[in-house]
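Accompanying notes for the structure given below.
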Amino acid sequence: MAPFREIPIADWANFVEFIDKGLDAKELTPFIPSSYVFRGQAQSNWPLRHSLRRAGVGLPAVDLLRVEQLASDAFHHHVYQHLDAATIQQAAVDRVPWWILMQHHGAPTRLLDWTASAYVAAYFAVVREPDTAGAVWAVHARTTIEQVGNPPASREEVNQLFLDSDPGGQPPRLFVLRPTIETRRMAAQQTIVTVSPNVIADHGPILEGIPEPPGKALFLKFVIPAALKLEFLRKLRQLNITAQVLFPGVDGLGRSVSEVVYLDAQNRARLLGRAAGAVSPDDRERG
């Protein structure tokens with residue numbers, strides 16, 4: 001078993017050293033561009049819990065499945081106003097591609113977003129909650145894929161797997177998947193997702209139950225102190241990891257302007273010898 005290892009980060013250079021030297025980031029697989037995938041969360045104590053579960057906290061699986069279908073129907077009813085028909089039709093061929101499309105436009109799903117880039121994950125860990133430590137989670141996805149495999153391909157098997165109203169009888173499983181159809185936003189964020197047949201499952205405990213590969217860390221949490229978030233945001237901006245890049249379109253531009261204002265205000269306050277109000281440049285929680 002592989003309970004996660006918590007690693008405190010001392011500064012930006014310390015984080016870069018862990019990512020560049022401490023993980024086998026150059027190893028390639030047919031499934032993902034790196035053997036590790038990463039997820040940033042603005043509070044280090046948040047569990048690895050998907051947005052559908054957060055929206056329906058305490059609901060049993062049978063009710064959460066109904067909420068999931070309601071979300072899917074509502075998204076499908078209105079999405080034609082915003083996305084081209086070809087993208088919608090390609091994504092709608094099966095449940096998981098459809099959920100990925102929903103997820104990346106803010107709708108609650110049972111998916112958890114990850115990224116092939118530790119630096120993209122770091123952005124999501126530091127862009128919000130300036131007074132609270134953030135976290136970058138890292139998972140050796142290749143091991144997870146080898147242990148669990150990929151979900152079945154046929155529509156009937158997929159429906160049977162993911163629509164079980166009594167998932168307690170299933171073994172805990174977590175699939176690691178890349179989008180089969182990428183929007184500009186997914187490409188910019190180097191999106192990968194995890195999904196479980198158990199709609200009420202937190203993903204962390206499932207990952208902790210996977211045997212650790214020889215000589216590798218399976219499951220890590222890098223904790224970034226609140227005091228370092230501003231420095232990280234500046235460093236990431238130098239690497240061109242900004243809201244404007246990660247959220248292509250005018251919404252991303254607006255978020256990016258908020259980041260510029262935030263960084264400038266904090267810098268001016270520092271020069272004046274006092275702290276500016278700790279207002280986060282982005283108040284949206286990632287899926």
Side-chain angles (χ1 to χ4, degrees), residues 1-7 31-32 34-61 64-65 67-68 71 95-97 99-100 102-104 106-118 120-121 124-125 134-151 158 161-164 167-179 186 189-213 216-223 285-287:
M1 302 303 175
F4 71 83
R5 304 177 191 178
E6 185 168 307
I7 300 173
F31 302 105
I32 49 178
S34 166
S35 53
Y36 283 88
V37 296
F38 306 89
R39 175 176 171 82
Q41 296 195 156
Q43 289 195 24
S44 64
N45 62 348
W46 281 347
L48 291 173
R49 181 173 296 165
H50 57 72
S51 56
L52 185 67
R53 174 94 190 278
R54 295 196 300 265
V57 62
L59 290 179
L64 201 56
L65 286 171
V67 173
E68 182 177 59
R95 292 186 182 275
V96 176
W99 289 336
I100 293 174
M102 290 175 61
Q103 175 87 351
H104 263 257
T109 76
R110 71 168 72 189
L111 307 179
L112 209 58
D113 277 338
W114 299 75
T115 171
S117 168
V120 170
F124 287 104
V136 172
W137 295 87
V139 171
H140 194 259
R142 180 176 174 182
T143 297
T144 305
I145 292 168
E146 289 171 349
Q147 292 284 333
V148 179
N150 288 303
V158 168
L161 180 66
F162 287 105
L163 301 184
D164 186 351
Q170 294 188 28
R173 284 186 288 178
L174 198 66
F175 298 107
V176 181
L177 303 170
R178 290 195 73 183
M186 294 175 202
Q189 295 181 17
Q190 301 181 54
T191 294
I192 293 163
V193 301
T194 53
V195 59
S196 174
N198 185 341
V199 70
I200 61 174
D202 285 359
H203 292 192
I206 300 177
L207 288 165
E208 288 186 285
I210 296 173
E212 194 161 57
K216 297 181 189 298
L218 175 75
F219 193 20
L220 300 165
K221 181 169 78 167
F222 300 101
V223 178
E285 183 175 349
R286 195 169 185 235

Result of checking His50, His104, Gln103 against Thr109 for side chain to side chain donor-acceptor pair (under 3.5 Å):
Gln103
For Ser51 and Ala107, work out which heavy atoms get closest and say how close.
OG-O, 4.2 Å
Of all the heavy-atom pairs spanning Gly40 and Phe124, show the shortest one and how long it is.
O-CB, 3.8 Å
With the side chain counted from C-beta on, respond yes when Thr143 and Ile210 share a heavy-atom pair under 4.5 Å apart, and no when they do not.
yes
Please examine the side chains of Leu174 and Val195, heavy atoms only from C-beta on, and report whether any two atoms are closer than 4.5 Å.
no
State, yes or no, whether a side-chain contact exists between Ile100 and Pro97 at a heavy-atom distance under 4.5 Å.
no
Do the non-hydrogen side-chain atoms of Glu212 and Arg5 ever get within less than 4.5 Å of each other?
yes
What distance do Phe38 atom CZ and Asp113 atom CG have between them, rounded to the nearest 0.5 Å?
15.5 Å
Can you tell me how far apart OG1 (Thr194) and CZ (Phe175) are? Round to the nearest 0.5 Å.
11.5 Å
Are Glu208 and Phe219 side-chain neighbours, meaning at least one heavy-atom pair lies under 4.5 Å?
yes
Pair Trp137 and Phe222, ring centroids less than 6.0 Å apart
no
Taking only Lys NZ, Arg NE, NH1 and NH2, and the carboxylate oxygens of Asp or Glu, determine whether Arg53 and Asp202 approach each other closer than 4.0 Å.
yes
CE on Met186 to CD1 on Ile192, rounded to 0.5 Å
13.0 Å
Measure across Ser44 and Ala135 and return the closest heavy-atom pair with its distance rounded to 0.1 Å.
CA-CB, 3.7 Å
Got a second to check how far Lys221's NZ is from Asn45's CG, nearest 0.5 Å?
7.0 Å
Is Gln41 reaching over with its side chain to a backbone N or O of Ala125, donor-acceptor style, under 3.5 angstrom?
no
Side-chain donor or acceptor of Tyr36 paired with backbone N/O of Ser117 under 3.5 Å
no
side-chain contact (heavy atoms from CB on, under 4.5 Å) between Val176 and Val193, worked out
CA-CA 6 Å; Val176 181; Val193 301; over 6 Å; no
Can the ring centres of Phe162 and Trp99 be said to be less than 6.0 Å apart?
yes
Could you check if a side-chain atom of Ile200 sits within less than 4.5 angstrom of a side-chain atom of Pro60, using non-hydrogen atoms only?
no
Treating Ser196 as the side-chain partner and Arg173 as the backbone partner, does any N or O pair qualify as donor plus acceptor under 3.5 Å?
yes
What verdict does the side-chain contact (heavy atoms from CB on, under 4.5 Å) test give for Val96 and Leu177, after you've listed the backbone C-alpha separation in whole Å, the side-chain angles of each residue and the deciding distance to 0.1 Å?
CA-CA 9 Å; Val96 176; Leu177 303 170; 3.6 Å; yes
Full working for side-chain contact (heavy atoms from CB on, under 4.5 Å) between Phe4 and Leu220:
CA-CA 5 Å; Phe4 71 83; Leu220 300 165; over 6 Å; no
Approximate separation, where rounding is to 0.5 Å, of Gln190 CD and Thr115 OG1:
5.0 Å
Nearest 0.5 Å please: distance from the CZ atom of Arg110 over to the CG atom of Leu64.
8.0 Å
Can you find a heavy atom in the side chain of Leu48 that is under 4.5 Å from one in the side chain of Leu112?
yes
State, with a plain yes or no, whether a side-chain heavy atom of Val223 is found less than 4.5 Å away from one of Ile7.
no
